[in-house]
Structures are given as C-alpha cells and as structure tokens.
J.: 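Before we start, here is the structure in question, set down as structure tokens.
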Amino acid sequence: MLRALIFDVDGTLAETEDLHRQAFNRAFADLGLSWSWDAALYADLLTVMGGKERLAHYIDTQHAAEAEALHALAPEIHARKTLAYGTLVAESGLRLRPGIARLIREARAAGIRLAVATTTSRPNVDRLLAVNFPPDATPFDVIAAGDEADRKKPAPDVFLLALARLGIPASEAVAFEDSAAGIASARAAGLPVLATRSRYTEGHQLDGAFSAISDLGEPGRPHRHIAGREWPGGVVDLAGLIRWHGTQDDQGAAFQAIGTSR
Ligand code: XBP
Ligand code: MG
C-alpha cells in the first residue's frame with residue numbers, strides 16, 4: 001500500500017541549481033576570489049553531490065597549488081554561499097516545478113505522508129519552502145537533508161534516513177528524483193523512482209527509474225514522456241500513482257526499472 005511520497009529538492013521540487021551556481025559566484029566575489037562558475041562548468045561540477053564536496057573537488061582539480069589555504073577558506077565560502085542562496089531564492093520567489101504543488105495537495109488530502117530527502121543543506125530547504133508555503137503550513141512530515149546523512153547521494157543514506165523517520169518500508173513509498181545520482185541513491189534504498197528530468201540533468205541517463213518524464217504535468221499542460229511508465233493525459237496524479245503502486249510486487253522486489261539512455 002502506498003503510504004508516502006519522498007521528494008528530492010534541487011531540480012525536483014524546483015529548478016534551483018542555477019541559483020546555487022549564482023550563490024557560489026557571489027560568495028567567491030565576496031571573498032575576493034576571481035572564480036566564476038558558468039553553467040557549463042557547473043553542469044560538470046554537479047557530478048559531485050553536495051556543495052561542500054563540489055567546492056573541495058573544484059579546489060583540488062583547478063587550484064591544487066593553493067589547495068591547503070583554499071580548503072581552510074572553504075567553510076567560509078560555503079557559509080556565504082548558503083546565505084547568498086537564501087537571498088536569491090527569496091528575491092526570485094522561486095516557484096515549484098509543474099505538478100509538485102498539485103500532487104502535494106492531493107497527497108495531503110488523501111492522508112499520504114510527504115518527505116524530503118536531499119543532499120542540499122537544510123537552510124536551503126527551509127528557504128525554498130518559505131517562498132512556496134505559508135509559514136505554519138509546510139506540507140512535509142519529514143525532512144532529511146545535507147549533512148544529517150553520513151554519505152551524500154548516490155549513497156542511499158538520506159533516503160534511508162527519510163524512511164526511518166517516516167517509520168515505513170521502502171515498499172510503501174515512491175521517490176521523486178531528477179538526477180542519475182539521486183535515482184541511484186533512492187534505488188539503493190529500495191525505493192521505486194519517478195524521474196523528472198531537470199535543466200541541469202538533461203544529459204543524465206535516468207536508468208533505474210520506472211518512469212522518466214519532463215515534469216509531473218498539469219491538466220491541460222501535459223509533460224513530455226521520456227521512457228517507462230506513461231501517464232494518462234501526460235499528468236502524474238495521486239490516483240495514477242496508487243494504481244501503479246498497487247500493481248507492483250509488494251514484497252519489496254525490484255520494481256520494473258528502465259534504461260533510458262535518452
Ligand atoms: C543537490 C545538491 C546540493 C546542491 C547545493 O541536492 O547536490 O549539493 O547542489 O546545495 P539534491 P549545498 O538534488 O539532493 O536536492 O551547497 O547546500 O550542498
Ligand atoms: Mg536533485
């Protein structure tokens with residue numbers, strides 16, 4: 001029986017990654033570093049999950065000669081980046097991706113629990129929710145974020161943490177992801193994954209998802225189907241998810257995953 005929906009944040013709930021990129025650039029400028037990450041470089045750096053880990057990787061690969069001093073500065077860089085990101089989210093009033101608010105409403109109305117499982121830092125989650133939901137009505141029962149998990153995606157840790165906090169087995173939930181690492185993480189936690197490709201994951205293979213689509217769609221605004229399960233009218237709604245989930249092996253066996261390579 002489907003009891004919970006577990007959402008990734010960056011790229012899944014909202015198209016946030018370019019704001020993360022801009023926030024990093026603001027932090028670099030604040031600290032007098034001449035670095036500027038353009039979209040192409042950031043897309044490459046996104047293969048490293050976790051902003052702190054991404055920054056360390058950049059230092060080690062692009063500024064090895066000054067790595068020791070730069071690693072000492074990295075916590076300050078990331079702290080300023082997180083503050084800058086919060087300002088950018090608030091200034092932009094960044095909206096949720098198509099279908100997310102609708103599916104959240106449907107799930108809440110049906111008593112299906114909602115969780116977040118994300119690599120991003122908790123303040124970033126709070127800022128995104130603050131611009132999309134009233135202060136006393138954030139819809140998530142559980143938020144598992146950033147450094148709460150021992151290992152970042154593609155390790156399963158953050159999805160396992162969300163499941164533990166929900167108190168349910170993976171067979172009673174569906175995960176929503178946008179990236180190859182996120183799909184791998186959710187699958188490693190035993191979860192079926194619905195993949196909604198995002199701007200920064202256009203080039204990702206979405207293998208392991210049971211359905212790959214451009215977004216959740218809205219009535220009259222169908223999504224683009226990429227691979228795997230198709231959804232009537234190009235819209236993923238709770239009724240369709242419950243129908244699909246009811247046809248799956250409820251012994252926790254691997255759900256019908258797909259190779260997308262598209
Ligand atoms: C995406 C990430 C995060 C963000 C940056 O997380 O990998 O690191 O890019 O946020 P997810 P931080 O897709 O799991 O939501 O700098 O706070 O890590
Ligand atoms: Mg993501």
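Read the numbers this way: they start at 1 and go in the same order the structure lists the ligands and their atoms.
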J.: Is any N or O atom of K52, backbone or side chain, closer than 3.5 Å to an N or O atom of ligand 1?
T.: no
J.: Around atom 11 (P) of ligand 1, find the nearest protein heavy atom and jot down its residue, atom name and distance.
T.: D8 OD1, 2.9 Å
J.: Give the name of the N/O/S atom in D8 that lies closest to the Mg ion (ligand 2).
T.: OD2
J.: What are the atoms of ligand 1, with element, lying closer than 4.0 Å to any heavy atom of K81?
T.: 5 (C), 10 (O), 12 (P), 16 (O), 17 (O)
J.: State the atoms of ligand 1, each with its element, that fall below the 4.0 Å cut-off from a heavy-atom position in H78.
T.: 12 (P), 16 (O), 17 (O)
J.: Numbering the atoms of ligand 1 from 1, which are under 4.0 Å from a heavy atom of T118?
T.: 6 (O), 11 (P), 14 (O), 15 (O)
J.: Less than 4.0 Å is my threshold; does some heavy atom of E53 fall inside it relative to ligand 1?
T.: no
J.: Can you name the atoms of ligand 1, numbered from 1 with element, that are less than 4.0 Å from a heavy atom of G50?
T.: 7 (O), 8 (O), 18 (O)
J.: Number the atoms of ligand 1 from 1 as they appear, then name those within less than 4.0 Å of a heavy atom of Y42, with their elements.
T.: 9 (O)
J.: After noting the C-alpha distance and the side-chain angles of H63 and W35, does the key distance pass the ring pair (Phe, Tyr, Trp, His ring centres under 6.0 Å) rule?
T.: CA-CA 10 Å; H63 300 279; W35 311 340; 4.7 Å; yes
J.: Centroid separation under 6.0 Å, is that true for the rings of W244 and F210?
T.: yes
J.: Numbering the atoms of ligand 1 from 1, which are under 4.0 Å from a heavy atom of V9?
T.: 15 (O)
J.: Please report the interatomic distance OG1(T12) to CZ(F7), rounded to the nearest 0.5 Å.
T.: 9.0 Å
J.: Quick one: look at Y200 and ligand 1, take heavy-atom pairs under 4.0 Å, and tell me if it's side chain, backbone, both or neither.
T.: neither
J.: Could you pull out the atom name of the N/O/S atom in D178 that is nearest the Mg ion (ligand 2)?
T.: OD1
